[in-house]
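Computed from a predicted model, the values in this text were never measured in an experiment. Naming convention: chains lettered A, B, ... in sequence-line order (proteins, then strands); numbering from 1 in each chain.
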2 protein chains.
Amino acid sequence: MNSQPLLSYINKIITLTEEEETYFTSKIVYRKYLKGQYILQQGDVNNKICFIISGCVKMFYVDDLGQEHILMFGVENWWASDLGSYISQAPSDFNVQCIEDTALIQVAYNDIEDLYSKIPKLERCFRIIIEKAYVASQKRIVRNFSMSAKDRYLIFKENYPEIEQRIPQYMVASYLGVTKEFLSKIKSQIATEQ
Amino acid sequence: MNSQPLLSYINKIITLTEEEETYFTSKIVYRKYLKGQYILQQGDVNNKICFIISGCVKMFYVDDLGQEHILMFGVENWWASDLGSYISQAPSDFNVQCIEDTALIQVAYNDIEDLYSKIPKLERCFRIIIEKAYVASQKRIVRNFSMSAKDRYLIFKENYPEIEQRIPQYMVASYLGVTKEFLSKIKSQIATEQ
DNA sequence: AGTAAATGTTAATCTAGATTAACATTATTT
DNA sequence: AAATAATGTTAATCTAGATTAACATTTACT
């Protein structure tokens, strides 16, 4: 099993000894999902945190009218879970579904407390991970408030050029909070500009 | 100095011994601000976390067109800071300004590492605080995506009935992401309904 | 290869909410 | 008490983006 990507990721935040790495590795599980499979469903408690080794997922929410709203995409070296539900162990408002065949590493919630006590640095590490997620979330609120759909699209392209290639456009539209028709309009508008 | 509200708040999340409480208390600072004063300004690093004892603040962002967008309000027993900037020690995108005379307790960033090492439980405590903030932030994104301004207003009233009484309506409008004129329209619409 | 399903485009019409502007009410200051 | 500033309302007009619908293109399946 290849746990290296996750260890490298963690070692950018804290420094684990070899022993600690070994112990940490003993607690993680490697798992593959097929395109279309769900890693998490709305209403379930997210009892495993997932780190993506390869593939692509979307985290989304289905509203009362059955409309799907994508909160985020996850690709290699990203977390593919509702961190909020994981750490609070409360039912999630979100679904996480694979939009490509996806390989990931899981850490079960039941193991994380043990990991925190054996390797206290991990508590700090996860605090920092959540912090980053929180900051990104706040930025997203600000953008949705004060920017037009066109500007949000341009920012998305700039921030995630690789992701745009890998997913259908109607999902990008959902992420941006507009209809696929309107995104189509935005794109043709941008095209005629240059 | 009255540090009791903060200690009660923290003791709901973790349990501090008397010694720990004493040490914690030795590191905090009590401070008063007048209505209109800024606790944090856009571009500055937030080097003190603030817990509100009394009063009311708004956290907001000024966009390129000079428009103000309120991200959150803070009242008694809430945090009145950009937690993201505090923990990452990166310049804040936000301002925090008092909309009433406000008394608060501060913990300087320079002291927090020391506190974490002396009282490791605090690391967990702050992780949990951030988690809650993150979950609330995600919920906000979802709401802004899939709900009308009227529904968002009704949710705001339901969640924060006390706050609505204390702040001018145009700030509620800014929080909801609509103009004050439109909020006025929503209110008269609601009034004629019943 | 041929068919069905998924995805993307264009254009016409509609609507939630913005903008502008004039006026009303409430606080605050002198 | 008057004057000024801050806040709130109403109505007319405008616009970003939604909705509907018809069609085009690409992908996946048999």
**Complete:** Of Glu181(B) and Lys35(B), the one whose closest nucleotide on DNA chain C sits nearer the 5' end is Glu181(B)
**Asked** Is there a donor-acceptor pair closer than 3.5 Å between any side-chain N or O of Glu76(B) and the backbone N or O of Gly55(B)?
**Response** yes
**Item:** Verdict with reasoning, Phe73(A) to Tyr160(A), per ring-ring contact (aromatic ring centres under 6.0 Å, His included)
**Value:** CA-CA 10 Å; Phe73(A) 299 106; Tyr160(A) 310 110; 8.2 Å; no
**Request:** Heavy atoms of chain A, cut-off under 4.0 Å: which first and last nucleotide of DNA chain C, 5' to 3', fall inside that, if you could look?
**Result:** dT7(C) to dT10(C)
**Asked** With Asp114(B), which residues qualify under salt bridge (charged side-chain N to carboxylate O under 4.0 Å, His left out), at least two apart?
**Response** Lys27(B), Lys118(B)
**Asked** Hey, is the main chain of Cys56(A) close enough, under 3.5 Å, to the side chain of Thr102(A) for a donor-acceptor pair?
**Response** yes
**Request:** Please tell me which of Met171(B) and Thr179(A) maps to the more 5' nucleotide of DNA chain D, matching each residue to the nucleotide holding its nearest heavy atom.
**Result:** Met171(B)
**Message:** salt bridge (charged side-chain N to carboxylate O under 4.0 Å, His left out), that's the test. Do Glu131(B) and Arg127(B) meet it? Break it down for me.
**Reply:** CA-CA 6 Å; Glu131(B) 272 161 38; Arg127(B) 198 204 66 215; 2.6 Å; yes
**Prompt:** Counting any heavy atom closer than 4.0 Å, what does Tyr170(A) reach on the DNA or RNA strands: base, sugar-phosphate only, or nothing?
**Reply:** sugar-phosphate
**Request:** Classify the ring geometry between Tyr38(A) and Phe60(A) as parallel (under 30°), tilted (30 to 60°) or perpendicular (over 60°).
**Result:** tilted
**Protein-nucleotide distance (Gln169(A), atom CD; dT25(D), atom C1'), rounded to Å** = 13 Å
